[in-house]
Amino acid sequence: MPYLHQPGFLEGLSDYERERLAQICPPRIFQPGELLHRMGDPCQSLIILIEGQVKLLRVVAGGQERIVYVAGSGDLLGINFLDQDATHTSNAVCLSRVMICPVGKSQVEQVSRELPNVPLRLAQVLAQRAALLEGQLEVASAPVAFRLGRALAWLAQRFSTPDFSAWRDLPIELKQEDLAAMCATTRVSVTNSLGELRNLGLVQGTRGRYRVNLKALEGWLEGFGEMA
């Protein structure tokens with residue numbers, strides 16, 4: 001099953017473990033725009049994202065949507081599924097064709113018994129997620145341009161394909177409203193900050209499609225942090 005050879009959570013599993021996991025928990029396919037779950041839905045399974053990208057949205061004051069995370073191959077959703085009262089805390093919307101491997105409560109015992117490495121990998125991913133959230137809290141009060149640059153750098157590192165060019169194409173279509181939600185700011189502020197980053201030669205593109213000069217952007221972010 002070649003589709004199980006994906007980075008992230010699955011990269012620490014052997015070929016046998018990946019194949020057996022797919023047999024125990026058969027994969028499902030979703031198309032762009034489809035919902036994996038809605039905020040408030042019962043959380044009944046751990047969702048292993050095999051392929052594609054999913055944005056997690058929360059509705060905040062005024063009815064605005066805020067992106068709390070963009071999940072990619074190897075990420076996990078519904079991590080509190082073992083809690084019988086757990087519900088999803090966000091809407092999960094597919095940004096592309098998505099393949100998931102759902103692990104239901106009834107399958108957990110079999111997976112743990114046959115594939116003991118899976119829970120260990122789960123613990124590692126949860127630790128990485130906690131570190132990411134701590135980093136987001138640290139820059140919550142930083143200028144919008146810095147927050148936007150940091151978000152674009154992370155998206156490029158996570159989802160773009162490295163090549164010999166200094167520029168990385170973001171394979172995810174993100175409107176300015178999406179970027180504003182990710183940075184907890186307004187669309188107008190994102191528009192102004194994108195202009196600033198363009199003038200610095202760090203970002204190109206518009207209307208949802210962007211390119212990032214990743215090395216230069218990382219250097220700018222590092223220098224910005226030293227000046228703070």
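What you are looking at is a predicted structure, and each value in this text was computed from that prediction instead of being measured.
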task: Would you indicate whether the side-chain heavy atoms of Thr206 and Arg198 approach each other to under 4.5 Å?
output: yes
task: Determine, step by step, whether Asp15 and Arg18 satisfy the salt bridge (Lys or Arg N to Asp or Glu O under 4.0 Å) criterion, reporting the C-alpha distance in whole Å, the side-chain angles of both residues, the deciding distance to 0.1 Å, and the verdict.
output: CA-CA 5 Å; Asp15 290 343; Arg18 287 190 289 263; 2.4 Å; yes
- prompt: Any side-chain heavy-atom pair from Asn91 and His37 closer than 4.5 angstrom?
  reply: no
message: Could you report the tightest heavy-atom contact between Cys25 and Cys101, atom names first, then the distance?
response: O-SG, 3.0 Å
query: Heavy atoms, side chains only, cut-off 4.5 Å: are His88 and Met39 in contact?
result: no
query: In terms of hydrophobic clustering (I, L, V, M, F, W, Y; side-chain heavy atoms under 4.5 Å; direct or indirect links), are Leu197 and Val188 co-clustered?
result: no
- line: Shortest non-hydrogen pair, Cys183 vs Leu148, comes out as SG-CA, 3.6 Å
field: Salt-bridge present (Arg158, Asp75; N to O < 4.0 Å)
entry: yes
message: For a quick test of reading the model, state the closest non-hydrogen atom pair linking Leu214 to Ala156 and the distance between them.
response: CD1-CB, 4.1 Å
query: CZ of Arg28: more than 12 outside heavy atoms within 6.0 angstrom?
result: no
- line: Correct closest heavy-atom pair for Ala86 and Asn80 would be CB-O, 3.2 Å
query: Any side-chain heavy atom of Thr89 within less than 4.5 Å of one from Arg58?
result: yes
field: pair Ile50-Val98: side-chain heavy atoms closer than 4.5 Å
entry: no
- prompt: Could you give the distance from CD (Glu114) to CD (Glu109), rounded to the nearest 0.5 Å?
  reply: 10.5 Å
task: Inspect the surroundings of CZ in Arg209 and state if more than 12 heavy atoms from other residues, nucleotides or ligands are less than 6.0 Å away.
output: yes
Student check: side-chain heavy atoms of Glu173 and Pro32 closer than 4.5 Å: no
message: Within the structure provided, determine whether Val108 and Ser106 are in side-chain contact (heavy-atom separation under 4.5 Å).
response: no
- prompt: Do Ser73 and Glu51 have a side chain donor and acceptor closer than 3.5 Å?
  reply: no
query: Can you tell me if Asp178 uses its side chain to pair, donor with acceptor, with the backbone of Lys175 under 3.5 Å?
result: yes
query: Between Ser165 (side chain) and Trp167 (backbone), is there a donor-acceptor pair under 3.5 Å?
result: yes
message: Given 3.5 Å as the limit, does a donor-acceptor pair link the side chain of Thr191 with the main chain of Arg187, or not?
response: yes
field: Glu17 (side chain) donor-acceptor with Ser14 (main chain) under 3.5 angstrom
entry: yes
message: Show the nearest heavy-atom pair for residues Thr161 and Arg168, with the distance to one decimal.
response: O-CD, 4.0 Å
message: Determine whether a donor-acceptor pair (N or O, by modelled atom type, separation under 3.5 Å) exists between the side chain of Glu34 and the backbone of Gln31.
response: yes
- request: Using a cut-off of 6.0 Å, state whether more than 12 heavy atoms not belonging to Lys215 lie near its atom NZ.
  value: no
- line: In this structure, CZ of Phe159 is separated from CG of Leu95 (nearest 0.5 Å) by 8.5 Å
query: Any donor-acceptor pair under 3.5 Å linking the side chain of Thr87 with the backbone of Asp41?
result: no
field: From CD1 (Ile100) to CD1 (Ile48), nearest 0.5 Å
entry: 9.5 Å
field: Any side-chain donor near an acceptor of the partner, Gln110 and Arg113, under 3.5 Å
entry: no
- line: Note: Leu194 and Tyr210 closest approach over all heavy atoms is CD1-OH, 3.7 Å
Side chain proximity check, Phe81 to Lys105, heavy atoms < 4.5 angstrom: yes
